[in-house]
2 protein chains.
Amino acid sequence: MTNPPSVSRGRRPAQGDPVIDRAFALLTAFNETRRAMTLAELSRVTDTPPSTTLRLARRLLHLGALERDADGRFVVGLRLWEVASLAPRAHGLRTVALPFMEDLYEATHQHVLFAVLDGMEALLVERLSAREAIDVLYRVGGRLPLHSTGVGLVLLAHAAPDFQEAYLAQPLVHEPEGVPLSSAALRRALAEVRRNGIAVVNRQEPRPLLAAAAPVRGADGDVVAALSVVVPAGHTESRFISPALRATARALSRGLGAPVSAALPPGRFPDRP
Amino acid sequence: MTNPPSVSRGRRPAQGDPVIDRAFALLTAFNETRRAMTLAELSRVTDTPPSTTLRLARRLLHLGALERDADGRFVVGLRLWEVASLAPRAHGLRTVALPFMEDLYEATHQHVLFAVLDGMEALLVERLSAREAIDVLYRVGGRLPLHSTGVGLVLLAHAAPDFQEAYLAQPLVHEPEGVPLSSAALRRALAEVRRNGIAVVNRQEPRPLLAAAAPVRGADGDVVAALSVVVPAGHTESRFISPALRATARALSRGLGAPVSAALPPGRFPDRP
DNA sequence: GATCGCATGCCACTCAATGGAATTGCCGCT
DNA sequence: AGCGGCAATTCCATTGAGTGGCATGCGATC
């Protein structure tokens, strides 16, 4: 009787009744393509009655987690950003990484990416790009597929084995091209990444480009992030990029306190000492 | 000696009973000097019973707003950072500003700062620094006083008049030195900043340095941020910095859609057309 | 000027949040 | 080993904070 399976209308307005979930849903309703929303929009997107939405939004407004733009629409607030700047795996890593990224950037004047693993994707934590550099692929704060990007392959290749299996178990399609990717092929690619120490990806789709990515290790020796350089295909200095990338990633790892023996040959990192 | 348990105690646990306030208090409990906290610590800092703290923290954990580090302590989570990266006044501005900042950085190889106004302080949104650059003053995500920093003076000088008055009305002390600052002196300084188009600050305290800051204007022509270069005092190229800074700030403003007439002489921006 | 959608106020109902008490587990001290 | 002491966690009866339907005012659009 407690669970009348028939009629009785499943009155689940969503799955997240609790207040905090709703408030957070309000925040996550914002989107790369939806950075400012009216109350009605918010209400619709979060599937919450307007009065409730208003009450929540107002509170978040008061806290500075939301703000209103010139048109009175809601946008993500500075206070939220301020708090988020304390996230160790994002801003914390970035702080250490930025100077190293600048070294790479100054040497190559192309895209330099820095990403971490989150869920089944890579989260782009920082990107340096020349203003004249072509095709902006991903934005900072955006997510990248693990199987068709340099940073993604690096992160996946060094992730926990059971995570890798879970990832391999799902159907995979190369991102922009739409070409299916067999798990066997990906498995081979990952092995190659581990063996080689860096990942190299060639893409044609938005524009022919070459991406090289290297693992960054934290204090406990685990891979915590990936550093990458993206250059147009046929870039004259392509050949020089891998060594520079390797060296920088290793210097950065050392900066993060990784037990990096300077004597180890590149690509020969022991995953377990 | 702790708390007189009798006498019914005015039961104001804090001033923010509502759930969201508490959850946010949990997040804002994190600090530059307190980036990781145990449950008990969180409970103490937020003045919330452990059981309640745990419940809230768990929910935030589930949402990804919090994470646990290797030691099981709570830290700010990636998801929060991801959402916050959509804050127009922080990351949004930064995205446009970064390439310009890099130009300045490459020219000077000193500190390049980018800050916005929030509350009674400036919030440092981005900073580029050479690894060998001296004395790191403020961290990204940190707050700077308006009256004793270059970016602060610029933001204050172009803020709403009533805000300026409110700011001037409070007792002011120069930040690191502890020297009092009269409101008349600050008023003069602000006028000078408006007249000159940039703010120049000399400081001795942490180390002798020279900071120059220029206003950055948004699409509606208002000052939305400040761009600054900080160099050691006596830096050989100090003389060349102001022009470069002015030019870059103006280019950035144009990049933000500001109605910047290229013909206008520097420092002669009309606040109202 | 009629209509529609949005933002906001109001308020009785109710369900989710609360926190005290108890339990477990983990040190560090003797 | 044995013993506080503290942190983390579970449980549950109580209750007050959150809810959302309805009504209002406003401004655009037809």
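What you see below is based on every heavy atom in this structure, not just the backbone, and it leaves out hydrogens, waters and symmetry mates. On a predicted model such as this, the values are computed, not experimentally measured, just so you know. In what follows, every chain begins at residue 1, and chains take the letters A, B, ... in the order their sequences are listed.
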Can you measure [X] atom [atom1] to [N] atom [atom2] for me and round it to whole angstrom units?
X     : N      : atom1 : atom2 : answer
B:M37 : D:dA7  : CE    : C1'   : 14 Å
A:L56 : D:dA17 : CG    : C1'   : 12 Å
B:L39 : D:dT10 : CG    : P     : 11 Å
A:L26 : D:dG18 : CG    : C1'   : 14 Å
A:R58 : D:dG18 : CZ    : C1'   : 15 Å
A:D71 : D:dA28 : CG    : C1'   : 15 Å

N/O (side chain, [X]) to phosphate O (OP1/OP2, [N]) under 4.0 Å:
X     : N      : value
B:R59 : C:dA17 : yes
A:R73 : C:dC6  : no
A:T52 : D:dT19 : no

Side chain of [X] - closest among [options]:
X     : options               : value
B:V19 : D:dT9, D:dA7, D:dA17  : D:dA17
A:L54 : C:dA16, C:dG9, C:dT18 : C:dG9
B:R22 : D:dA8, D:dG20, C:dG19 : C:dG19

query = Checking all strands, does B:T38 fall into the base, sugar-phosphate, or nothing category for heavy-atom contacts under 4.0 angstrom?
reply = sugar-phosphate
query = So what does A:R68 touch, heavy atoms closer than 4.0 Å: a base, only the sugar-phosphate, or nothing?
reply = sugar-phosphate
key: Approximate separation, where rounding is to 0.5 Å, of A:R250 CZ and A:F100 CZ   = 13.0 Å
inquiry  = Please determine whether a side-chain nitrogen of the Lys or Arg among B:E126 and A:R94 lies less than 4.0 Å from a carboxylate oxygen of the Asp or Glu.
reply    = yes
query = Are any of the side-chain nitrogens in A:E41 or A:R34 under 4.0 Å away from the carboxylate oxygens of its partner?
reply = no
query = Considering all heavy atoms of both residues, which atom of B:A213 and which atom of B:V154 are nearest to each other, and what is their separation?
reply = O-CG2, 3.4 Å
inquiry  = Using every non-hydrogen atom in the two residues, find where B:F163 and B:G119 come nearest and quote the distance to one decimal.
reply    = CZ-O, 3.3 Å
message = Checking side-chain polar atoms at under 3.5 Å, does B:S85 have a donor or acceptor matched by the opposite partner on A:R139?
response = yes
key: Bend angle of the helix from C:dG1-D:dC30 to C:dT30-D:dA1, end axes from five pairs each (to 10°)   = 40°
message = Between B:R44 and B:R55, which residue's closest nucleotide on DNA chain D lies nearer the 5′ terminus?
response = B:R44
query = With under 30° as parallel and over 60° as perpendicular, where do the rings of B:Y167 and B:H147 fit, or are they tilted in between?
reply = tilted
request  = Kindly indicate whether the side chain of A:S51 and the base of D:dG21 share any N or O donor-acceptor pair separated by less than 3.5 Å?
outcome  = yes
